[in-house]
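The structure appears below as structure tokens.
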Amino acid sequence: MVKKSELYNQMPKEWYFGPAIDDEEIEAVTRVLRSTRLTQLTSSVVGEFEQAFADYVGAREAVALNSGTAALHTTLTALGIGPGDEVIVPAFTFIGTVGPVMQAGAVPVFADIEPDTYCLSVEATAAKITSRTKAIISVDLFGHPADLDPIRELADKHGLFLLDDACQSHGAKYKGKYLGSIAPVSCFSFQETKNMTTGEGGMITTDDGDLAELCRSIRHHGGQSGGMIGRVGYNYRLTALQAAVGLVQLSKLESANHTRRSIAAIYHEALAGLELQLPLEKPYAQSVYHVYSFLLPSRLAPKRDAIIEDLNVNRVPAHAIYAKPVFANPVFEKLDDSFTCPAAKDVANRVISLPIAHSMPLDLAEKVGELTKIILTEHMASKETAAQDRSLG
Ligand SMILES: Cc1ncc(COP(=O)(O)O)c(C=O)c1O
């Protein structure tokens with residue numbers, strides 16, 4: 001067996017695995033710069049990116065925006081969600097899912113998650129529906145699809161809009177079909193860490209042509225045909241420079257996702273024998289492993305931060321995504337909600353995330369897996385832990 005110190009010496013001192021960018025993206029941006037048509041208003045490149053993305057996911061329409069947050073806010077606004085409305089969101093997600101609900105003037109209502117996929121629970125969602133509920137936002141967390149069919153059934157039964165936040169899941173599949181073609185409307189992010197990037201950026205996909213037109217109007221100041229302003233809108237436009245990068249990145253998405261799945265498989269293999277809850281793929285899902293998060297056994301939850309620190313000291317840049325349920329943020333303090341979401345609280349207490357990026361070499365992933373296994377095994381066997389087990393048992 002390889003020694004911990006040997007693996008430590010092979011770890012990078014500075015970890016930075018950013019997006020995979022090469023000459024293709026640089027040349028695409030240069031072409032746009034040389035054309036001097038830099039914006040969606042003057043260049044055809046944004047439209048080409050929208051068409052290519054719609055074709056890829058299998059949706060009729062795609063609307064490009066300058067962030068995933070803008071995509072969610074634009075969609076909620078186009079759906080007419082506003083003051084007095086409630087929108088159900090998962091209790092365990094990035095703040096970017098929830099901020100747009102409040103930007104639209106509506107109230108986010110947190111529903112618990114499935115303990116194995118960390119995605120929205122259908123039962124918990126059903127329990128949170130009131131006469132004020134207008135929409136449900138499902139999130140395909142960490143690259144794994146939410147169970148969209150039963151969530152959609154529930155939404156349809158109660159006459160609610162369903163918006164799928166696929167910001168972390170480009171190229172993931174639900175029952176064999178790409179996300180972006182499953183829910184009535186879906187939103188994506190192209191921020192730098194995502195499986196494909198435009199630096200910052202976002203996309204809405206839908207089969208509903210009227211909804212797409214409304215989103216296009218909101219994206220551009222609420223403009224209507226004839227150049228007049230018909231409603232309140234924003235400047236949420238993507239630049240042609242970003243769209244040019246997006247077109248190239250989209251052509252590499254399958255390969256990026258293949259690499260991420262390979263890294264996940266390496267971590268799975270390294271950690272398989274340990275007492276951990278590893279990320280899984282439900283029979284209906286193909287994950288793209290935007291994040292690789294596993295759960296410690298409950299008895300080790302109090303040591304989670306110390307274990308992460310130990311991994312970091314040993315040059316494994318592990319962290320906890322997300323160390324708290326999203327409702328724990330002070331911005332939600334004034335909400336009239338008791339936040340009873342035990343699964344979200346439990347997952348947040350036990351989660352550890354390992355580094356994953358498609359620019360990361362596979363042999364480095366093997367070393368990360370091995371080193372992580374050694375460190376976790378030490379913590380699981382430590383006297384302190386054993387004593388704790390006895391006192392618990
Ligand atoms: C689940 C989720 N929703 C929304 C967003 C917001 O996207 P953006 O950062 O592009 O605004 C993100 C971004 O990380 C996300 O992960």
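Just so it is clear, the model here is predicted, and its values are computed rather than measured. Whatever order the structure lists them in is the order used to number ligands and atoms, beginning at 1.
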Query raised in the report: When you measure from atom 1 (C) of ligand 1 to every protein heavy atom, which one gives the shortest distance, and what is it?
Result: Asp165 OD2, 3.4 Å

Query raised in the report: Which of parallel (below 30°), tilted (30 to 60°) and perpendicular (above 60°) describes Tyr118 and Phe142?
Result: perpendicular

Query raised in the report: Just which atoms of ligand 1 are under 4.0 Å from any heavy atom in Cys167?
Result: 2 (C), 3 (N), 4 (C), 5 (C), 12 (C), 15 (C)

Query - Close-contact set for ligand 1 against Thr97 heavy atoms, below 4.0 Å - result: 1 (C), 2 (C), 3 (N), 4 (C)

Requested in this report: Please say whether the positively charged group of Arg315, taken as NZ for Lys or CZ for Arg, lies over the ring of Tyr8, i.e. under 6.0 angstrom from the six-membered ring centre and within 45 degrees of the axis.
Outcome: yes

Query raised in the report: Between Arg216 and Glu61, does at least one N-O distance fall below 4.0 Å, as a salt bridge requires?
Result: yes

Query - ligand 1 contact by Lys194, heavy-atom criterion under 4.0 angstrom - result: yes

Report task. Quick one: look at Ser67 and ligand 1, take heavy-atom pairs under 4.0 Å, and tell me if it's side chain, backbone, both or neither. Result -> both

**Report entry** Salt-bridge present (Asp116, Lys282; N to O < 4.0 Å)
**Finding:** yes

**Report entry** Heavy-atom neighbours of Gln224 CD exceed 12 at 6.0 Å
**Finding:** yes

Requested in this report: Go through ligand 1 atom by atom and flag the ones less than 4.0 Å from a non-hydrogen atom of Gly68.
Outcome: 7 (O), 8 (P), 10 (O), 11 (O)

**Report entry** atom 6 (C) of ligand 1: nearest protein contact (heavy atom, Å)
**Finding:** Thr69 OG1, 3.4 Å

Report summary line: When distances are taken from atom 16 (O) of ligand 1, the protein heavy atom at minimum range is Gln168 NE2, 2.9 Å

Report task. Report the nearest protein non-hydrogen atom to atom 12 (C) of ligand 1: residue, atom name, distance rounded to 0.1 Å. Result -> Phe94 CD2, 3.4 Å

Query raised in the report: Is the shortest side-chain N to carboxylate O distance from Glu25 to Lys252 below 4.0 Å?
Result: yes

Query raised in the report: Is the centre of the His144 ring less than 6.0 Å from the centre of the Tyr289 ring?
Result: no

